[in-house]
Structure formats: structure tokens, C-alpha cells
Asker: 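I'd like to ask you about the structure that follows.
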Amino acid sequence: MHTYRIGLDLGSTAAKAALLGNDDEVVDLLLDTSGDPPNQMAERLVGAFRQKHGFGEAGVVATGYGRALAGLAGKKVTEITCHARGVRLLHPDCASILDIGGQDAKAIRLGPDGGVEDFAMNDRCAAGTGSFLEVAARRYKIGIAELSSFCGDDPNSGAEAEAFEISSTCVVFAESELIGLNARGVPPREALRAVHRAIAKRVVLLLKQVSARGPLYFTGGVARNTTLRSAVGAASGLEPRLAEHAQFTGAIGAALFV
Ligand code: ADP
């Protein structure tokens with residue numbers, strides 16, 4: 001008999017759902033970025049899985065910022081634990097994780113058995129998260145998914161590299177620095193590369209805090225940004241690898257707790 005397990009990661013900007021089969025295989029993944037209350041997104045995502053795959057009952061475990069509101073989840077587990085479990089399922093060699101979402105960033109160091117040895121989180125300040133990239137991309141009218149092809153893979157290359165820096169540790173001030181760069185006629189590509197370097201600098205502090213070591217896997221929606229991935233690589237000396245199903249590792253990990 002086929003039994004399904006559902007993991008929900010109710011994040012601050014997107015709700016993610018993972019459906020796992022008998023052998024821990026990923027059967028389906030769904031994303032909801034509607035911004036509706038977490039309980040509504042949770043019900044819709046579970047309903048969509050039911051309809052698509054035609055099953056009655058399935059165990060549900062929720063994680064993420066909005067997990068407390070997921071009434072239909074039998075259990076709630078913290079994000080750190082779920083990310084660790086999800087990434088290790090997909091990448092058994094993983095020693096550390098960097099997760100960057102819309103509103104927070106986390107660094108996690110794992111032990112040889114995959115357990116969490118140490119973690120650090122930045123959820124107070126948006127400067128090291130996806131929201132800074134969104135603010136900056138919006139300013140130059142570039143889509144978030146196009147940002148890395150616009151900036152190129154190496155944010156430290158180019159004649160102008162290092163000439164422009166964004167030093168503010170707060171998005172509000174960083175945005176005024178960006179306006180300043182614009183007023184000085186700095187090309188958008190250089191200004192946006194500086195944004196990536198500034199985020200990488202903040203993220204590296206988190207990695208240092210937990211004494212992260214490789215292999216380091218990058219998760220969260222922002223992991224798809226290749227410019228940031230190489231900026232973090234250059235600033236940390238580690239080579240972040242893009243985790244499989246990067247935005248869904250928390251949801252996949254949650255499903256493993258059913
Ligand atoms: P959260 O768990 O905080 O809701 P996610 O891990 O789901 O966050 O990531 C959401 C963030 O991912 C958004 O803020 C968005 O900026 C970013 N993002 C989404 N798609 C892409 C993409 N193709 N390239 C780069 N960043 C992306």
C-alpha cells in the first residue's frame with residue numbers, strides 16, 4: 001500500500017509543501033506565494049496534493065515561521081531541525097547548511113550523524129536576506145529571477161569591482177546608499193554587484209559563528225541566485241553548492257517527521 005507523508009514549511013514569504021512516498025522519494029512539491037494567512041495556505045496545499053494524487057489520509061507535519069497556525073498538522077517541528085533532515089536526505093555528505101529566505105538567514109553545522117551541532121540565525125535585520133535583493137532589484141526594475149544573469153556569476157570581477165561598496169547593515173540605509181551610487185552614475189550592474197557582496201559579508205558572519213565547514217549546501221529561495229552563491233564562496237572560502245529542491249528542503253525534512 002502506498003502511504004504518503006506531507007511536510008509544510010510555512011515561511012515568511014512563501015509556503016512550501018512536499019509530498020513524500022514510502023521510500024522517502026519526493027513525489028511532488030508545491031509553492032504558494034499568495035501571502036494569505038498560513039492556515040489557509042496550509043489547507044490549500046494539502047487539498048491540492050489530495051486532489052492531484054487521489055489519497056484520503058496523510059500525516060502532516062509543519063515547520064516555518066507560521067507553523068503554529070497550521071491546525072491540520074499533527075506535529076510542529078523547528079525549521080533548523082527540518083532543514084538539517086531534509087538536506088541530509090538529499091545530500092548525505094552535507095556538513096553545513098546556509099539557508100536564505102525572504103526575511104531571514106540561517107547557518108547550521110551538522111555532526112557526522114546529521115544532527116544539528118550548532119546554528120545561528122539572522123531574523124532581526126533584512127540586510128543579509130532575500131528582501132534586500134528584492135528592494136535592490138525593484139529599484140532597477142529587474143525581476144528577482146533575472147538578477148544573477150544581469151550581474152554575472154562573479155560579483156568581484158570587472159574593472160569597477162571593490163570601487164563601490166555598500167556598508168550599511170540596515171536595508172533602509174543601504175537603499176539610500178544605492179540611491180547615492182545611482183546619483184554618482186554608477187552603472188546598475190556594478191551597484192547590484194555591490195549589493196550581493198554586502199549580503200555575502202553579512203552571511204559569512206553567520207557561517208563563522210557556527211564554524212561552518214564544507215561541504216556546504218545552500219538552501220532557501222535565494223540559493224538559486226548564482227551571483228550570491230559565488231559572492232559567499234569568495235568571502236567565506238567555502239564553495240556553497242546548490243541543494244537539490246533548495247527552496248523545499250525544510251518541507252521535505254518536515255515530511256520525514258511524520
Ligand atoms: P521564506 O521561507 O522566508 O518564505 P524562501 O526560502 O521560500 O523564504 O525564499 C523566498 C525568497 O526567495 C524570496 O524572497 C525571493 O526573493 C527569493 N527567490 C525566489 N525565486 C528566486 C530566484 N529564481 N532567484 C533568486 N531568488 C529567488
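Counting convention: from 1, in listed order, for ligands and their atoms alike. Position 1 is the first residue of the sequence, and the numbers go up from there.
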Asker: Distance to 0.1 Å, residue and atom name: give those for the protein heavy atom nearest to atom 11 (C) of ligand 1.
Answerer: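 For atom 11 (C) of ligand 1, the nearest protein heavy atom comes out as Gly102 N, 3.8 Å.
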Asker: Counting from 1, what ligand 1 atoms have a heavy atom of Ser12 closer than 4.0 Å?
Answerer: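 Taking each heavy atom of Ser12 in turn, ligand 1 has 1 (P), 3 (O), 4 (O) under 4.0 Å.
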Asker: I want to know if ligand 1 touches Asp9 in the polar sense, i.e. an N/O pair below 3.5 angstrom.
Answerer: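 No - when backbone and side-chain N and O of Asp9 are compared with those of ligand 1, no distance drops under 3.5 Å.
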Asker: Can you find an N or O of Ala145 that's nearer than 3.5 Å to an N or O of ligand 1?
Answerer: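 Ala145 vs ligand 1: no N/O contact under 3.5 Å.
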Asker: Could you tell me the residue and atom name of the protein heavy atom closest to atom 26 (N) of ligand 1, and the distance to it rounded to 0.1 Å?
Answerer: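 Among all protein heavy atoms, the one nearest atom 26 (N) of ligand 1 is Gly221 O, 3.4 Å.
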Asker: If we ignore angles and hydrogens, is there a donor and acceptor under 3.5 Å between the side chains of Ser230 and Asp154?
Answerer: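 No donor-acceptor contact under 3.5 Å links the two side chains.
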Asker: Could you list which atoms of ligand 1 come closer than 4.0 Å to a heavy atom of Gly220?
Answerer: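 This gives 6 (O) as the contact atoms.
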Asker: Heavy-atom contact under 4.0 Å between Leu133 and ligand 1?
Answerer: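 False for this residue.
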Asker: Closer than 4.0 Å to some heavy atom of Ile144 - which atoms of ligand 1 meet that?
Answerer: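 Per the distance check, 16 (O), 24 (N), 25 (C), 26 (N).
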Asker: Does any N or O of ligand 1 fall below 3.5 Å from an N or O anywhere on Ala14, backbone included?
Answerer: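 For ligand 1, there is an N or O atom that lies under 3.5 Å from one belonging to Ala14.
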Asker: Distance under 4.0 Å to a non-hydrogen atom of Glu134: what atoms of ligand 1 satisfy this?
Answerer: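 Matching atoms, with element in brackets: 13 (C), 14 (O), 15 (C), 16 (O).
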Asker: Give the residue, atom name and distance (to 0.1 Å) of the protein heavy atom nearest atom 2 (O) of ligand 1.
Answerer: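 So the nearest neighbour among protein heavy atoms is Lys16 NZ, 2.8 Å.
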Asker: Give the C-alpha distance, both sets of side-chain angles, the deciding distance and a yes or no for salt bridge (charged side-chain N to carboxylate O under 4.0 Å, His left out) between Arg5 and Asp24.
Answerer: CA-CA 9 Å; Arg5 286 163 293 162; Asp24 291 347; 2.8 Å; yes
Asker: Hey, which atoms in ligand 1 end up nearer than 4.0 Å to a heavy atom of Gly101?
Answerer: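 Answer for ligand 1: 3 (O), 5 (P), 6 (O), 8 (O), 9 (O).
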